[in-house]
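As structure tokens, the structure follows; a few thoughts come after it.
Whatever order the structure lists ligands and atoms in, that order sets their numbers, starting from 1.
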Amino acid sequence: TGLRNIPSPPKKPFVGNMLTVDKETPLQSLMQLARELGPIIRLDMMGTPMVVVSGASLVQEICDESRFDKAVRGSLRRVRSAAGDGLFTAYTQENNWTKAHNILLPTFAQRAMAGYLPLMYDIASQLCMKWERLNADDDIDVVHDMTALALDTVGVCGFDYRFNSFYRRDYHPFIDALTRTLETCMVQRGLPFEKMILRKRLDQLKTDVAFMSKLVDDIVRERRRGGGDQAQKDLLNFMLAGVDKTTGESLSDENIRYQIITFLIAGHETTSGLMSFALYFLVNNPDVLEKAYEEVDRVLGTDIGVMPTIAEVNHLTYVQQVLNEALRLWPTAPAIGLYPYRDEVIGGQYKIKKNTFVTLLTLMLHRDPSVWGAEPETFNPDNFSREAEASRPAHAFKPWGNGQRACIGRQFAMQEATLVLGMILQRFQLFDHQRYQLRVKETMSIKPDGFRIRVKARPGRT
Ligand code: HEM
């Protein structure tokens with residue numbers, strides 16, 4: 001019939017391929033397997049099959065939304081204990097997904113972004129001010145500072161709340177609760193006796209979720225009562241006022257809470273990872289750094305006392321190419337989960353049964369030589385020149401996920417990252433004083449573990 005078996009690594013009795021995948025770095029294990037076995041792999045996770053797809057032509061097929069849907073399973077499903085039926089963790093079939101999608105889409109559209117710019121600038125200025133006051137021999141923990149920045153930005157743009165991460169040594173207690181919650185969702189693997197072994201963690205999870213819910217509920221209640229800044233153009237006011245045109249309904253307070261927690265989850269690690277990887281690539285590619293400085297000096301000038309306009313940020317096209325190329329090599333949402341509605345055959349030869357968990361391994365899709373050429377591991381922002389983008393096949397670049405379930409915060413994240421990189425380049429020389437060797441740490445997303453730099457103010461800035 002022309003059907004072929006999907007290549008699989010050797011299995012062990014009972015656990016199948018569970019041990020084939022490293023506990024600390026599962027995605028990097030999958031990358032290795034894809035390198036050895038090719039664009040499609042089948043794993044046996046203790047009796048449950050998992051198909052891993054990373055070749056561009058096969059990815060094109062699984063991105064067909066009439067055949068495949070987002071899978072909310074495994075750790076993502078466990079995140080529902082905190083984020084409920086918020087956009088990220090909702091099933092596509094849930095009413096609240098459609099309703100919230102319709103209400104929230106315009107609030108994240110390009111047009112709405114201008115309103116967030118002054119708030120993003122406020123937080124980015126705090127980062128720059130911190131860096132300006134460092135001594136020449138002070139190290140910057142890049143991931144820490146970028147996480148602080150990303151969180152504070154979502155807090156203030158989302159619901160006018162200041163985590164004030166640059167005014168404290170540790171993270172705000174909300175963030176510790178959120179980080180612990182995500183860790184607990186990640187470490188569970190549905191193994192026997194797990195509930196007993198992880199009892200302490202699971203108790204802590206309840207405490208943490210209760211704490212986060214109360215903080216958010218208090219903000220929502222206060223705003224409903226007429227407190228807070230009613231004229232503030234933040235996401236919360238949009239959510240309180242928004243009506244779904246097709247049903248005439250608005251979001252419940254419970255769902256608004258879930259959305260706020262969702263924005264913090266979705267906007268914190270991914271955006272901070274993107275900016276961290278971009279800085280890593282900049283200090284390692286002097287030619288690229290030079291070009292980026294050139295563009296920033298041309299577009300933003302040397303006057304660091306004024307806020308860049310939205311037009312200026314949009315004109316930092318080379319900086320955006322750097323960000324896109326960072327997202328190509330280390331997409332900070334490194335994989336997405338899908339499942340087929342019906343029994344499927346993809347690539348004309350690989351059978352995938354209805355409902356099978358299919359992982360789109362973005363990390364390896366972005367290294368497919370049929371799309372990116374013979375040296376896909378090389379960092380090269382020219383991959384995102386206008387011409388290169390126009391000639392690339394659809395679905396070859398998927399850092400934002402797919403179709404209707406793709407990232408709603410894409411413009412938000414890109415605007416923030418472009419502004420921040422622009423402001424950093426406008427002000428600072430960057431030093432890779434420890435000659436950092438990339439080590440990728442995996443949590444819900446990925447980050448350059450232990451990456452530190454030093455900075456010095458560029459001369460002639462006023
Ligand atoms: C969904 C990536 C920033 C909010 C997604 C998905 C990806 C992604 C791949 C699809 C997930 C899946 O299929 O399971 C990223 C990256 C970011 C980023 C790489 C930064 C560089 C943000 C920000 C926000 C956000 C800043 C909000 C403030 C969301 C939401 C969803 C989502 C709500 C779910 C959308 C839906 O299913 O309706 N993101 N994201 N993201 N993202 Fe982002």
Side-chain angles (χ1 to χ4, degrees), residues 62-63 65 68-77 79-80 83-94 96-105 107-108 112-113 116 119-120 123 146-147 149-159 234-236 238-239 255-256 258-278 320 323-324 326-339 357-363 365-366 397-418 420-421 444-447:
I62 63 173
C63 285
E65 291 180 279
F68 290 81
D69 181 28
K70 164 161 168 164
V72 181
R73 301 198 196 159
S75 33
L76 189 58
R77 180 164 57 206
V79 174
R80 285 176 65 102
D85 58 5
L87 280 177
F88 180 48
T89 42
Y91 304 102
T92 310
Q93 291 72 25
E94 270 174 309
N96 272 348
W97 180 77
T98 317
K99 195 157 99 177
H101 178 76
N102 290 342
I103 291 178
L104 284 168
L105 213 50
T107 69
F108 277 104
M113 288 304 131
Y116 302 131
L119 302 172
M120 290 178 172
I123 307 294
M146 291 304 149
T147 304
L149 176 123
L151 274 169
D152 279 34
T153 303
V154 186
V156 74
C157 295
F159 45 105
D234 62 13
L235 286 164
L236 177 53
F238 284 123
M239 285 194 280
N255 190 257
I256 289 178
Y258 288 146
Q259 303 300 354
I260 289 179
I261 294 178
T262 295
F263 297 148
L264 288 166
I265 293 174
H268 121 261
E269 289 207 332
T270 46
T271 315
S272 86
L274 165 59
M275 293 182 291
S276 304
F277 279 114
Q320 284 160 7
L323 289 166
N324 276 321
L327 278 177
R328 179 180 74 82
L329 282 168
W330 294 105
T332 47
I336 61 173
L338 300 164
Y339 71 92
F357 186 66
V358 177
T359 294
L360 191 175
L361 188 59
T362 317
L363 276 167
L365 167 69
H366 290 176
F397 183 59
K398 302 297 280 184
W400 309 102
N402 189 48
Q404 59 179 357
R405 298 305 306 264
C407 183
I408 203 169
R410 174 180 178 166
Q411 277 83 15
F412 185 96
M414 279 306 277
Q415 174 170 303
E416 176 186 353
T418 309
V420 170
L421 271 197
M444 269 278 274
S445 78
I446 50 175
K447 57 188 79 157

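Taken to the nearest 0.5 Å, the CD atom of Glu65 stands 5.0 Å off from the CD atom of Gln404. The CG atom of Leu235 lies 12.5 Å from the CD1 atom of Ile103; values are rounded to the nearest 0.5 Å. The OG1 atom of Thr153 lies 12.5 Å from the NE2 atom of His268; values are rounded to the nearest 0.5 Å. Of the inter-residue distances, the one linking Glu94 atom CD with His101 atom NE2 reads 15.0 Å to the nearest 0.5 angstrom. Taking CE from Met275 and CG from Leu323, the interatomic distance works out to 9.0 Å, rounded to the nearest 0.5 Å. To the nearest 0.5 angstrom, Lys99 atom NZ is 9.0 Å from Asp85 atom CG.
Closest protein heavy atom to atom 38 (O) of ligand 1: Trp97 NE1, 2.8 Å. Atom 2 (C) of ligand 1 has its closest protein heavy atom at Pro399 O, 3.5 Å. Of all protein heavy atoms, the one lying nearest to atom 28 (C) of ligand 1 is Phe108 CE2, 3.9 Å. Ranking the protein heavy atoms by distance from atom 37 (O) of ligand 1 puts Arg405 NE, 2.7 Å first. The protein heavy-atom contact nearest to atom 13 (O) of ligand 1 is Ile336 CG2, 3.5 Å.
Results of the ring-ring contact (aromatic ring centres under 6.0 Å, His included) test with Phe108 over Phe238, Trp400, Tyr116, Phe263 single out Phe263 as the only residue that passes.
Using a distance-only test at 3.5 Å, with no hydrogens or angles considered, a donor-acceptor pair links the side chain of His366 to the main chain of Lys398. A donor-acceptor pair under 3.5 Å is formed between the side chain of Thr89 and the backbone N or O of Gly84. Under a 3.5 Å cut-off, the side chain of Arg405 and the backbone N or O of Leu87 do form a donor-acceptor pair.
With a 4.0 Å cut-off on non-hydrogen atoms, Lys70 touches ligand 1 through its side chain and not its backbone. Residue-level proximity to ligand 1 for Thr271 is carried by backbone and side chain together, each with a heavy atom below 4.0 angstrom. Counting heavy atoms under 4.0 Å from ligand 1, residue Leu87 touches it through both backbone and side chain.
In terms of polar-atom proximity, defined here as any N/O pair under 3.5 Å, His101 makes no such contact with ligand 1. Where the criterion is an N or O separation shorter than 3.5 Å, residue side chain and backbone included, Lys398 fails it with respect to ligand 1. On a distance-only criterion, Gln404 and ligand 1 share no N/O pair closer than 3.5 Å.
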Give the intermediate values and the outcome of side-chain contact (heavy atoms from CB on, under 4.5 Å) for residues Ile260 and Met239. CA-CA 10 Å; Ile260 289 179; Met239 285 194 280; 3.8 Å; yes
Take Arg80 and Tyr91 through the test side-chain contact (heavy atoms from CB on, under 4.5 Å) and record every step on the way to the result. CA-CA 10 Å; Arg80 285 176 65 102; Tyr91 304 102; 3.3 Å; yes
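Atom numbering of ligand 1 starts at 1 in the shown order; those under 4.0 Å from a heavy atom of Ala406 are 35 (C). Residue Thr332 approaches ligand 1 through these ligand atoms, each under 4.0 Å from one of its heavy atoms: 19 (C). When each atom of ligand 1 is checked for a heavy atom of Phe412 under 4.0 Å away, the hits are 26 (C).
For atom 43 (Fe) of ligand 1, the neighbouring protein N/O/S atoms at less than 2.8 Å, given as residue and atom, are Cys407 SG.
Ring planes of Trp330 and Phe277: parallel class, angle under 30° (limits at 30 and 60°).
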